[in-house]
Structure formats: C-alpha cells, structure tokens
Visitor: 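Pasting a structure below so you can have a look.
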Amino acid sequence: MIALLEAQRAGLLGWKHWYANIVAGVIVGVVALPLAMAFAIASGVKPEQGLYTAIIAGLAVSLLGGSRVQIAGPTGAFIVILSGIVAQHGVQGLQIATFMAGVILLLFGLARLGGAIKFIPRPVIIGFTSGIGVIIWVGQWKDFFGLPVSPAGHFHQKLWTLAQALPSLHLATTGVAVLSLLLVLYSARLPGMRRVPGPLVALVAATVLQALFQFEGVATIGSAFGEIPRELPRMQWLPVTLDRVVELIGPAFAIAMLGAIESLLSAVVADGMAGTRHNSNQELVGQGIANMAAPLFGGIAATGAIARTATNIRNGGSSPIAGVAHCVTLVLIILALAPYAANVPLAALAAILFVVAWNMSEARHFLRMVRRAPRADVVILLVTFGLTVFADLVVAVNIGVVLAMLHFLRRMAGSVAVSRQGGPSLDQELAGLLRDRGLARLPDDIMIYQIDGPLFYGAVETFEQALSDTGGAPAVLLIRLGRVPFIDATGLRTLENLADAQRAKGGRVVLAEANDRVRSKLQRMGLIEKIEGGDPGASFEQAVGRLIENRAA
C-alpha cells in the first residue's frame, strides 16, 4: 500500500483537495524549519543538514511510505544516538551508518516485519522516550545558559560539570533563551498569533533581536557554523568499505530499530487522528528508502515525526500532496532566507528543544504508570529509563525488551495448569461408557491428567512436577491435550522422555484430544508411533474405550 497510490485510489489527488493539502504542507514546513535545525545541531552536525534531511527524507516517505499523511524528518529521538555516532565515527561515519540503517529498514519491510515492531511493550517505549527527553534537556543547558564549558563523559559526569558551571551563566544568552521559551509556550495567546507555530515565533523574534542589538557573547548559527548555503546539495556517493560496514553495523542497527519504532508509532497516532489505516511493512520500506537517500544529499537519519504529522492532519492534510508541499516550502526558505539564519541564536534553538524534551518525556504518563501500573511493569519502566539515561539507549531497549519477555513467559508458565482427574465428576463423564462395558469405575492403574495451556519450555517444569507423584507405577498415563493450543520442541521432548520412562517401568503413555496443530508436530517428531497410544487426536471417550478393550483382550 504505497501512500501515493493509496491516495490516488481514495480520490485524494483531485484538484479539489490540493488547496487544503498545500496549506497544511506550508504550515508543516514552517513548523519543521526550527526543529530541523535544532535537531541537527543537537546531533552534532550542521543546521543545514537537518533541513536537507527534512526535504529528502520527507519527500520519500510522503510518496513511498505506508501512511498518506505521515511527515518525516529529523526527530528528537535520534539526538542521543546520532550525537554519539558523530563523536566516535565523525559525520561521514554517521552518514554511512544512516545509509546502512536504510538498507536494514528496507529489508525489514520486504520481510514483512512491520507488525513485529508493534510488540515492543509500552513500559519500554515510555522508559526510553522519557530517558531521551531527560538527556536532551540536560544536553541543552550549555546553549540555553551560555555556559563556558564543554561537558564530556557519561551523563552523570556531564550533569555535574554543567551544574557546577551554572553560576557562570551568560546573562544575555539566558535572557534570549528565556524569552524564546516563553514565546514557544505562550505566543498563541497573543492577539492574531493563535495559528502561528510557537517555535517559529521564538525563532524569528530571537533572530531579529540578535540582528538589531548584536548581543556580545551570544552564540549564533553564524558564529558556530558559518552561513547556511543558499543552494541545495548535490548527490555524492559515500565511501563505503567492508571495514566501515563492520565498524558501523551496531550503530546502523540502532538507528534502524529506533527509526522503525518511531515511524510506526507516528503512523498509529496518524491513524487515530485522521481515521486512516497505514501499512506497517510499506512504511518501513518508505523509511528505508528515505534513510538511504538522505545521506547521499548531506542529510542524516530521519523517521516519522509525530508532532509534524499531527500538525499536518490538524490543518487539513489528507494526502502526500501535503508532504510534498512541506518539502517545497523548506526548499524555498533555503533559497530565499538562508543568509538570515546566521543571526539565529543557539539559545533560541535550545529553548525549542527544552519544549521538545518535555513533550518527549511524557512526564505525566510516566508518573501515572509508576503509581498505578503492575509492579513488574514499573520495574521494566524504571530499568529502561535508568539505562537510557546512565548507560546506553540500545542497551536500555534490549534489556527492557528481554525483561518484558521474561516477565511474559513467567506469567504464561504460571497460567499453565496440569491436574490429575478423577472422582465423581470424571465418573459421571464416563458413566455411560463404563456401564456399557460392565465396569463400575475406571481401573486404579489408569491415571488421567489434563493440561490447560500451551506445553512450552516455560511450562515444562509445572508438567513434570505434576507427574512426579503418580502413587507408584501406573500401567497407563492418559494425558488429555484438548486445552493445549500449541506445543514446542521442549514440550515434545518432555513427552518423549515420559514415554521412555513409562516403557522402562512396563507402562505406557496415551495421548488424546490433540488439535491438528499439536498432532502434526507429534507426527513430525515421530512420537505417535513411539508413544503407542493410537491417534492422539482421538476423543477422550475413544481413548478410554480403546484402553478398556485392550485390557479385556
């Protein structure tokens, strides 16, 4: 379901839809301008590289993604990963890793793994996004307050360095930053400014003030990076070698996994707002193409941007036309206004990122989950959050997912019950069958067990404990599998061992009520013949009838 073709099938490319989508695209382009530059600078690259990413990746995802309203570009979630890659491997290393991540995302989409990404638990997602928010917030103190330090090392070391330098804050820089922060938050309350994006108001106001008064000591894009080129980049091939691929495979997978999670989360949000239905696999294909194309034109990693996608939908965007208009808007801004960006204070961009960090942290949701969620989920949330902040984002997500899986398996294993059947209820179930054969009750050397739940490796211990006390050596163990939805290799091996142990004691195992899925696995492993219990898919009555007939014979 390619976004452009889906929009065409829905009749959204007709002329009557162009005006609303172009207006939405222009608004999104204006919103994307300060964010793209801020995210690029925070990631350790030049501000224009953020703009190039928004243009190239935004165009690719809008046309080739799996959601017709998705807006892509650089996002705050990538800052932690990208800045670390730049520090270790340089900007060129980041671009190669981004290209590799694009290939990985493309393969994910072609392999139809889009649905699997959705299974990452909510506590893990909230944990790492909140951690990223904290890291971004602390990382912007230097530019927000104009601190005369360059913090390095782990998070706690950077935090301590910045905290010690706070008394040396630069008054003019801090003043510009505070003004910018207030405008981002409250400019919509000013007369006639309700529909103007707060980040744009802050960016323009701070830039005009700096251009007019030239505050001494206030760092700007011009003083830190030079002027933004008044032209679009040309495509350049990346120097990809086998050594570089091996060196960057880890960072590439980190970019790919985070990009997949963010883009699909954004697509889900878009579905809820616009009433659409995205295609997860095609979305990964579009994101893959976008991340392969962006670094060839000087860009960095991109993914679906939730805030910009929501802005697009709220302003009437309903087709890829809005995404294309967003890209054209950024192109025109670069060609017409690039020289004026030299006066943009870094403090204003830091203020914008303060708000981005707060929104990413989902502080209210985080605290509500800590107070009300089950204890295991709270542990997973806090472990993921702590590892994101104090260790590494990739490590945090991996460990968070592993903990969530272990918790799920523990609960699954605990839900499996193995019970010995007997007494009046079973006698009533078999009364007619036994009466027809002249029996008042089931022979004592036939024991019946029923398994409720999947017989997988996590539940094997429960099964073995239930069978450990059989009160001697029964001639027959009849095991009812009617409530076993599936069985894995460990469960099959356990049944095989049980059959071997019974045979050594002169007894046997009989299986009954197995569904087709379980029966086919038993057949494939050769257990039907080895267990010698007839057809494991037979009904309970049929299995008991055969046992009685065999004893009579």
Visitor: Do Ile126 and Glu362 make a side-chain contact, defined as non-hydrogen atoms from C-beta onward lying under 4.5 Å apart?
Guide: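 In contact.
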
Visitor: Compare every heavy atom of Val91 with every heavy atom of Gly44, then report the nearest pair and how far apart it is.
Guide: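 Minimum heavy-atom separation between Gly44 and Val91: O-CG2, 4.3 Å.
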
Visitor: Return each pair, listed once, that meets salt bridge (Lys or Arg N to Asp or Glu O under 4.0 Å) where at least one residue sits in residues 223-232; pairs must be two or more places apart or across chains.
Guide: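 Non-adjacent pairs meeting salt bridge (Lys or Arg N to Asp or Glu O under 4.0 Å): zero.
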
Visitor: In Å and rounded to the nearest 0.5 Å, what is the CG to CD1 distance from Leu393 to Ile79?
Guide: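 Rounded to the nearest 0.5 Å, the CG-CD1 separation comes to 12.0 Å.
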
Visitor: Given Val245 and Met100, is the side chain to side chain contact (heavy atoms under 4.5 Å, CB included) satisfied, shown in steps?
Guide: CA-CA 8 Å; Val245 169; Met100 293 168 58; 3.8 Å; yes

Visitor: First locate atom OG1 of Thr303, then atom CG of Asn291, and finally report the distance between them rounded to the nearest 0.5 Å.
Guide: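 If I round to the nearest 0.5 Å, the distance is 7.5 Å.
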
Visitor: Which ring-ring contact (aromatic ring centres under 6.0 Å, His included) pairs, counting each pair once, include a residue from residues 383-407, with sequence neighbours left out?
Guide: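 Listed by first then second residue: Phe155-Phe390, Phe366-Phe385.
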
Visitor: Hey, are the side chains of Thr207 and Tyr340 touching, using non-hydrogen atoms and a 4.5 Å cut-off?
Guide: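 Of all side-chain heavy-atom pairs linking Tyr340 with Thr207, none is under 4.5 Å.
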
Visitor: Which pairs with one or both residues in residues 234-251 pass side-chain hydrogen bond (donor to acceptor under 3.5 Å, both in side chains), sequence neighbours excluded?
Guide: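 As it turns out, the side-chain hydrogen bond (donor to acceptor under 3.5 Å, both in side chains) pairs with a partner in residues 234-251, which skip direct neighbours, are His89-Glu247, Arg244-Glu247.
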
Visitor: What I'd like to find out is whether the side chain of Val184 reaches to under 4.5 Å of the side chain of Phe354, using heavy atoms alone.
Guide: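 Not touching, per the 4.5 Å side-chain cut-off.
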
Visitor: Could you give the distance from CG (Leu64) to CD (Gln287), rounded to the nearest 0.5 Å?
Guide: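 Here the rounded value is 11.0 Å.
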
Visitor: As an exercise, state the distance from CD of Glu262 to OG1 of Thr129, rounded to the nearest 0.5 Å.
Guide: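 Rounded to the nearest 0.5 Å, the CD-OG1 separation comes to 7.5 Å.
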
Visitor: Is Thr309 reaching over with its side chain to a backbone N or O of Ile71, donor-acceptor style, under 3.5 angstrom?
Guide: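 Present.
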
Visitor: Tell me whether Thr384 contacts the main-chain N or O of Phe128 through its side chain, where contact means a donor paired with an acceptor under 3.5 Å.
Guide: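 A pair under 3.5 Å: no.
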
Visitor: Does CE in Met412 sit with more than 12 non-hydrogen atoms of other residues, nucleotides or ligands closer than 6.0 Å?
Guide: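 Yes, because the 6.0 Å sphere around CE of Met412 holds more than 12 heavy atoms from other groups.
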
Visitor: Rounded to the nearest 0.5 Å, what separation is found between the CG atom of Leu4 and the OG atom of Ser319?
Guide: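 Between Leu4 CG and Ser319 OG, I get 8.5 Å after rounding to 0.5 Å.
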
Visitor: Tell me whether Gln157 at atom CD has more than 12 heavy atoms from other residues, nucleotides or ligands lying less than 6.0 Å away.
Guide: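 Count over threshold, so yes.
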
Visitor: Can you tell me if Gln282 uses its side chain to pair, donor with acceptor, with the backbone of Gly66 under 3.5 Å?
Guide: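 Checking the backbone N and O of Gly66 against the side chain of Gln282, no donor-acceptor pair under 3.5 Å is found.
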
Visitor: Between Gly127 and Leu381, which heavy-atom pair has the shortest distance, and what is it?
Guide: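 Shortest heavy-atom contact: N-CD1, 3.5 Å.
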
Visitor: Verify, without hydrogens or angle tests, whether Asn312 (side chain) and Gly323 (backbone) share a donor-acceptor contact under 3.5 angstrom.
Guide: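 Such a contact is absent between Asn312 side chain and Gly323 backbone.
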
Visitor: Considering all heavy atoms of both residues, which atom of Val30 and which atom of Pro34 are nearest to each other, and what is their separation?
Guide: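 That closest heavy-atom pairing would be O-CD, 3.2 Å.
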
Visitor: Does the side chain of Thr220 come within less than 4.5 Å of Val344's, by heavy atoms?
Guide: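 Not touching, per the 4.5 Å side-chain cut-off.
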
Visitor: Mind jotting down which residue pairs meet the side-chain hydrogen bond (donor to acceptor under 3.5 Å, both in side chains) criterion with at least one end in residues 48-68? Sequence neighbours excluded, please.
Guide: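 For residues 48-68, and leaving out neighbouring residues, there are no side-chain hydrogen bond (donor to acceptor under 3.5 Å, both in side chains) pairs at all.
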
Visitor: Please determine whether the number of non-hydrogen atoms from other residues, nucleotides or ligands lying under 6.0 Å from atom CD of Gln214 exceeds 12.
Guide: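 Counting neighbours around CD of Gln214, more than 12 heavy atoms of other residues, nucleotides or ligands fall under 6.0 Å, so yes.
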
Visitor: Does the side chain of Phe456 reach to within under 4.5 Å of the side chain of Phe486, using non-hydrogen atoms?
Guide: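 In contact.
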
Visitor: Work out which heavy atom in Pro345 is nearest to a heavy atom in Val218; give both atom names and the distance.
Guide: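 Scanning both residues, the minimum pair turns out to be CB-CG1, 4.1 Å.
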
Visitor: Going from CD1 on Ile221 to CG on Leu349, what distance comes out if it is rounded to the nearest 0.5 angstrom?
Guide: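 Here the interatomic distance stands at 5.0 Å.
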
Visitor: Where do Ser318 and Asn21 land on the side chain to side chain contact (heavy atoms under 4.5 Å, CB included) test, with the steps shown first?
Guide: CA-CA 6 Å; Ser318 61; Asn21 279 281; 3.3 Å; yes

Visitor: Taking Ser180 for the side chain and Val176 for the main chain, is one N or O donor matched with an acceptor at less than 3.5 Å?
Guide: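 Yes; judged by distance alone, with no hydrogens or angles, the pair exists.
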
Visitor: Take a 6.0 Å sphere around OH of Tyr457 and say whether it holds more than 12 heavy atoms from other residues, nucleotides or ligands.
Guide: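 Incorrect, the count does not exceed 12.
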
Visitor: So, do Ile380 and Pro121 sit near enough that their side-chain heavy atoms are less than 4.5 Å apart?
Guide: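 No, too far: nothing below the 4.5 Å cut-off.
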
Visitor: Between Lys521 (side chain only) and Leu492 (backbone N and O only), is there a donor and an acceptor less than 3.5 Å apart?
Guide: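 Flag not set: sc Lys521 to bb Leu492 has no pair under 3.5 Å.
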
Visitor: Applying salt bridge (charged side-chain N to carboxylate O under 4.0 Å, His left out), name anything that partners Arg314, two or more places apart in sequence or on another chain.
Guide: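 Here no residue qualifies.
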
Visitor: Is the number of heavy atoms from other residues, nucleotides or ligands within 6.0 Å of CZ (Arg9) greater than 12?
Guide: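 Enclosed.
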
Visitor: Do you know which two heavy atoms are closest between Pro320 and Ala7, and how far apart they sit?
Guide: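 Heavy atoms only, the tightest pair is CD-CB, 3.5 Å.
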
Visitor: Hey, are the side chains of Phe99 and Leu248 touching, using non-hydrogen atoms and a 4.5 Å cut-off?
Guide: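 Heavy-atom side-chain distance check fails, nothing below 4.5 Å.
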
Visitor: Step by step, would you call Leu162 with Phe145 a side chain to side chain contact (heavy atoms under 4.5 Å, CB included)?
Guide: CA-CA 10 Å; Leu162 291 167; Phe145 298 108; over 6 Å; no

Visitor: Do you see a donor-acceptor pair shorter than 3.5 Å between the side chains of Gln70 and Ser263?
Guide: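 Looking only at side-chain atoms, Ser263 and Gln70 do not form any donor-acceptor pair under 3.5 Å.
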
Visitor: Does anything in residues 144-156 form a side-chain hydrogen bond (donor to acceptor under 3.5 Å, both in side chains)? List the pairs, not counting sequence neighbours.
Guide: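 Every candidate side-chain hydrogen bond (donor to acceptor under 3.5 Å, both in side chains) pair involving residues 144-156 fails, so no pair, neighbours aside, qualifies.
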
Visitor: Do Leu82 and Phe39 touch side chain to side chain, with heavy atoms closer than 4.5 Å?
Guide: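 No. Closest side-chain heavy atoms not under 4.5 Å.
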
Visitor: Hey, is CZ on Arg122 packed in by over 12 heavy atoms from elsewhere, all under 6.0 Å?
Guide: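 Yes, because the 6.0 Å sphere around CZ of Arg122 holds more than 12 heavy atoms from other groups.
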
Visitor: Any chance you could lay out the side chain to side chain contact (heavy atoms under 4.5 Å, CB included) test for Phe108 and Met257, step after step, and finish with the verdict?
Guide: CA-CA 10 Å; Phe108 280 176; Met257 289 303 299; 3.8 Å; yes

Visitor: Between the main-chain N or O of Ser130 and the side-chain N or O of Ser361, is there a donor-acceptor pair closer than 3.5 Å?
Guide: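 No, because the side chain of Ser361 does not come within donor-acceptor range (under 3.5 Å) of the backbone of Ser130.
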
Visitor: Give a yes or no on whether the backbone of Val394 and the side-chain of Asn398 come within a donor-acceptor separation of less than 3.5 Å.
Guide: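 Between the backbone of Val394 and the side chain of Asn398 there is a qualifying donor-acceptor contact (under 3.5 Å).
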
Visitor: Taking atom types as modelled and ignoring hydrogens, do the side chains of Ser280 and His278 form a donor-acceptor contact shorter than 3.5 angstrom?
Guide: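 His278 and Ser280 do have a side-chain donor-acceptor pair below 3.5 Å.
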
Visitor: Please report the closest heavy-atom contact between Gly114 and Leu284, naming both atoms and the distance.
Guide: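 For Gly114 and Leu284, the tightest heavy-atom pair comes out as CA-CD1, 3.6 Å.
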
